[in-house]
Amino acid sequence: MKKFGKKLMVLTAVTVCLAMVLTGCGAEEVAVEQEELSVAVTTQAVSTGTLTLSNAFVGTISPEETVAVVPLAAGTVTETFFEVGDYVEAGDVLFKIDDEIAQIQATTAALSVQQAEQSAEMTLGSQQDAQNLQLESAKLQAKTAYESAQIGYVQAKDTLKDVESAADDARSYANSLKKAYENAEKAYKDAQSVSGNDIGTLEQNMKAAKAAYEKADEAADTAESAQYKAQMAYYSAKSGYKAAEKGMETAEQSAELTQGDILADTEAQLMTGLELAALQAESAEIALSYYTVKAPVSGIIESKNVDVNGMASQASPAYTIVNNDTMTVTFNVSEKVKNTLEIGQSITLDRSGAVYEATITEIGASINQMTGLFEVKGCVSANGKELPSGVSVKIVADTYKAENAMLIPYDSVYYDNDGAYVYCNVENRAKKVFIETGIFDEERIEVISGLSIDDIVVTSWSPKLADGVLLADVTEEN
């Protein structure tokens with residue numbers, strides 16, 4: 001690393017003065033010109049890029065996954081199948097618990113499902129038959145009422161026709177008698193105007209005709225009254241017939257709709273009962289499965305806390321399984337470094353010269369009160385044989401990074417009491433420029449301000465290098 005103040009500038013000025021040569025009379029002045037000082041340098045243009053710094057940490061290896069197997073049922077252990085140090089695959093049976101009561105409950109629940117299915121089938125069948133009978137009876141009653149109304153309508157229609165004919169005949173007969181009466185009355189009156197005629201007979205004829213007419217007129221009124229009543233009966237029968245016809249159609253439509261709705265409601269209720277019974281049976285089967293305890297992950301049995309004829313409890317682990325297929329590395333960093341790290345970032349592990357790749361999986365959100373640091377974890381692409389649990393490793397992680405930054409060679413920067421500065425080549429003369437620097441490594445340094453991308457920086461050192469000095473033999477570096 002470069003140390004501040006390691007470079008000193010030595011400025012050398014050579015002034016050659018020729019004095020006037022003092023002679024006698026007629027002495028001459030001779031002036032000699034001074035030659036300008038120049039410096040041979042190498043230069044390089046300001047570049048842009050990414051500068052990344054890495055830091056080293058000490059980490060500890062542990063299994064990526066340690067699983068405590070706690071049974072979901074309590075009871076007497078009947079069998080165990082693995083001991084400490086054995087390797088198990090996920091799904092292997094670790095031990096069994098006495099499940100006699102759970103077996104009975106599962107069988108009872110299964111029988112309840114069968115009973116519910118049979119009951120539902122019988123209920124739907126009987127209800128459908130009863131509904132069919134009831135609806136068919138309603139349709140038959142509506143049809144009978146329709147047919148009866150139809151007969152009454154036809155009878156009323158025929159009666160009205162007969163009564164209308166009789167009324168017409170009675171009125172026609174009454175009109176004919178009225179005409180006869182009017183003729184007899186006229187003959188009687190004509191005879192009265194001629195003296196000496198015998199009008200007694202004519203008077204009797206007139207009275208007889210009048211009486212006959214009045215009787216026929218009364219009979220015609222009675223017939224017309226009967227006709228009116230027959231018309232009312234006809235209209236009523238016709239209305240009843242139409243209503244009965246509509247009732248029969250409604251009964252048929254209602255039978256179809258009602259039957260479907262009632263059966264659907266009943267079926268929905270029965271299905272709810274069936275689903276409840278099925279859920280209870282499923283719950284009983286799941287509860288039964290709790291008495292056969294299986295390994296949730298593959299790995300090595302680290303501890304075993306159950307024995308045959310002993311008790312298994314839901315309050316304590318029966319087995320502990322360590323998954324050594326992949327390992328975890330844990331290390332601690334400061335808050336400043338923590339803020340530069342990211343989940344998914346790649347890091348490198350070194351153990352006695354063996355290098356392994358890892359990925360950051362967890363960055364602690366709170367500080368460890370004992371260490372004052374933040375805990376970081378990573379997943380290592382290695383198993384427990386390569387990196388045993390508990391060993392320490394060296395970790396290298398990229399921390400600080402400057403992207404799209406202006407970069408210049410580290411050795412081109414100088415320092416004095418006013419800060420950092422560089423020399424730039426401006427029209428073949430050195431120009432002292434103060435800059436603000438950022439992060440740096442052994443080769444490059446970030447320039448935050450003071451330079452632009454078009455500037456050319458002097459990268460070589462010389463004791464003659466100073467502000468304004470002429471630059472000769474300039475060599476440009478890439």
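Quick caveat, the model's predicted, so the values are computed rather than measured. Quick note: numbers below take in every heavy atom, side chains included, and nothing from hydrogens, waters or symmetry partners.
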Quick one, T330 with V376, criterion side-chain contact (heavy atoms from CB on, under 4.5 Å). Give me CA distance, side-chain angles, the key distance, then yes/no.
CA-CA 6 Å; T330 303; V376 180; over 6 Å; no
So, using ring-ring contact (aromatic ring centres under 6.0 Å, His included) as the criterion, who are the partners of Y146 when residues are at least two apart?
Y241
Verdict with supporting geometry, E302 and I321, side-chain contact (heavy atoms from CB on, under 4.5 Å)
CA-CA 6 Å; E302 187 176 64; I321 302 173; over 6 Å; no
If you take all heavy atoms of A318 and V306, which pair is closest and at what distance?
CB-CG1, 3.6 Å
Side chains of L407 and I445, heavy atoms from C-beta outward: is any pair under 4.5 Å?
no
When I439, T50, T437 are each screened for side-chain contact (heavy atoms from CB on, under 4.5 Å) with E446, the one that passes is I439
If you take all heavy atoms of Q44 and P409, which pair is closest and at what distance?
OE1-CG, 3.5 Å
Any donor-acceptor pair under 3.5 Å from S172 side chain to D169 backbone:
no
With sequence neighbours left out, what residues match K139 under side-chain hydrogen bond (donor to acceptor under 3.5 Å, both in side chains)?
E136
Determine the minimum heavy-atom distance between K338 and I363, stating which atoms define it.
CG-CG2, 3.5 Å
What is the minimum heavy-atom distance between S47 and I453, and which atoms define it?
C-CD1, 4.0 Å
Hey, is the main chain of T108 close enough, under 3.5 Å, to the side chain of S112 for a donor-acceptor pair?
yes
Just verifying a value: how many Å separate R351 CZ and S392 OG, rounded to the nearest 0.5 Å?
9.5 Å
Report yes if some heavy atom in the side chain of Q114 is under 4.5 Å from a heavy atom in the side chain of L111; otherwise report no.
yes
Flag the pair K401 / L51 as yes when at least one side-chain heavy-atom distance between them is below 4.5 Å, and no otherwise.
no
Under 3.5 Å, sequence neighbours excluded: what are the donor-acceptor pairs made by side chains of residues 89-106?
{"from": "E89", "atom 1": "OE1", "to": "S298", "atom 2": "OG", "distance (Å)": "3.1"}
{"from": "D92", "atom 1": "OD2", "to": "E89", "atom 2": "N", "distance (Å)": "2.8"}
{"from": "D98", "atom 1": "OD1", "to": "E100", "atom 2": "N", "distance (Å)": "3.3"}

What is the distance from atom CD of E375 to atom CD of E362, rounded to the nearest 0.5 Å?
7.0 Å
Taking side-chain hydrogen bond (donor to acceptor under 3.5 Å, both in side chains) as the test, write out the residues that go with T52, two or more places apart.
none
Euclidean distance, L177 CG relative to E182 CD, rounded to 0.5 Å
11.0 Å
Have T399 and T340 got a donor and an acceptor in their side chains that come within less than 3.5 Å?
no
Taking the side chain as every heavy atom from C-beta outward, state whether I408 and L451 have any pair of such atoms under 4.5 Å apart.
yes
Show the numbers, then the answer: is there a side-chain contact (heavy atoms from CB on, under 4.5 Å) between V46 and D454?
CA-CA 7 Å; V46 176; D454 298 326; over 6 Å; no
Heavy-atom closest contact (V396 atom, S54 atom, distance):
CG1-CB, 4.0 Å
Once you round to the nearest 0.5 Å, how far does CG of N332 lie from CD1 of I367?
10.0 Å
Minimum-distance pair of heavy atoms, taken over all atoms of A110 and A281:
N-CB, 4.2 Å
Can you sort out the partners of S225 under side-chain contact (heavy atoms from CB on, under 4.5 Å), two or more places apart, ordered by chain and number?
K229
Who passes salt bridge (charged side-chain N to carboxylate O under 4.0 Å, His left out) against E83, sequence neighbours left out?
K304
Partners of Y87 by ring-ring contact (aromatic ring centres under 6.0 Å, His included), sequence neighbours excluded?
none
If you define the side chain from C-beta out and look only at heavy atoms, does anything of L387 sit under 4.5 Å from V380?
yes
Determine, step by step, whether I347 and F57 satisfy the side-chain contact (heavy atoms from CB on, under 4.5 Å) criterion, reporting the C-alpha distance in whole Å, the side-chain angles of both residues, the deciding distance to 0.1 Å, and the verdict.
CA-CA 11 Å; I347 58 178; F57 310 92; over 6 Å; no
Side-chain donor-acceptor pairs of residues 203-215 under 3.5 Å, sequence neighbours excluded:
{"from": "E203", "atom 1": "OE2", "to": "K207", "atom 2": "NZ", "distance (Å)": "3.4"}
{"from": "N205", "atom 1": "ND2", "to": "T201", "atom 2": "O", "distance (Å)": "3.3"}

Results of side-chain contact (heavy atoms from CB on, under 4.5 Å) for T361 - residues two or more places apart only:
K377, C379
Do the non-hydrogen side-chain atoms of I435 and V447 ever get within less than 4.5 Å of each other?
yes
CG of N55 to CZ of F331: how many Å apart, nearest 0.5 Å?
10.5 Å
Y234 meets the ring-ring contact (aromatic ring centres under 6.0 Å, His included) criterion, sequence neighbours left out, with Y153
Check the surroundings of atom CD in Q314: do more than 12 heavy atoms from other residues, nucleotides or ligands lie under 6.0 Å from it?
yes
About how many Å separate CD of Q345 and OG1 of T359, when rounded to the nearest 0.5 Å?
9.5 Å
Under the side-chain hydrogen bond (donor to acceptor under 3.5 Å, both in side chains) test, which residues partner E335, sequence neighbours left out?
none
Any heavy-atom pair between the side chains of T348 and V355 that's under 4.5 Å?
yes
Between S449 and E436, do the side chains contain a donor N or O and an acceptor N or O under 3.5 Å apart?
yes
Within 6.0 Å of OH in Y173, more than 12 heavy atoms from elsewhere:
no
Check whether any side-chain heavy atom of D441 lies under 4.5 Å from a side-chain heavy atom of R444, and answer yes or no.
yes
side-chain hydrogen bond (donor to acceptor under 3.5 Å, both in side chains) with T159: which residues, sequence neighbours excluded?
none
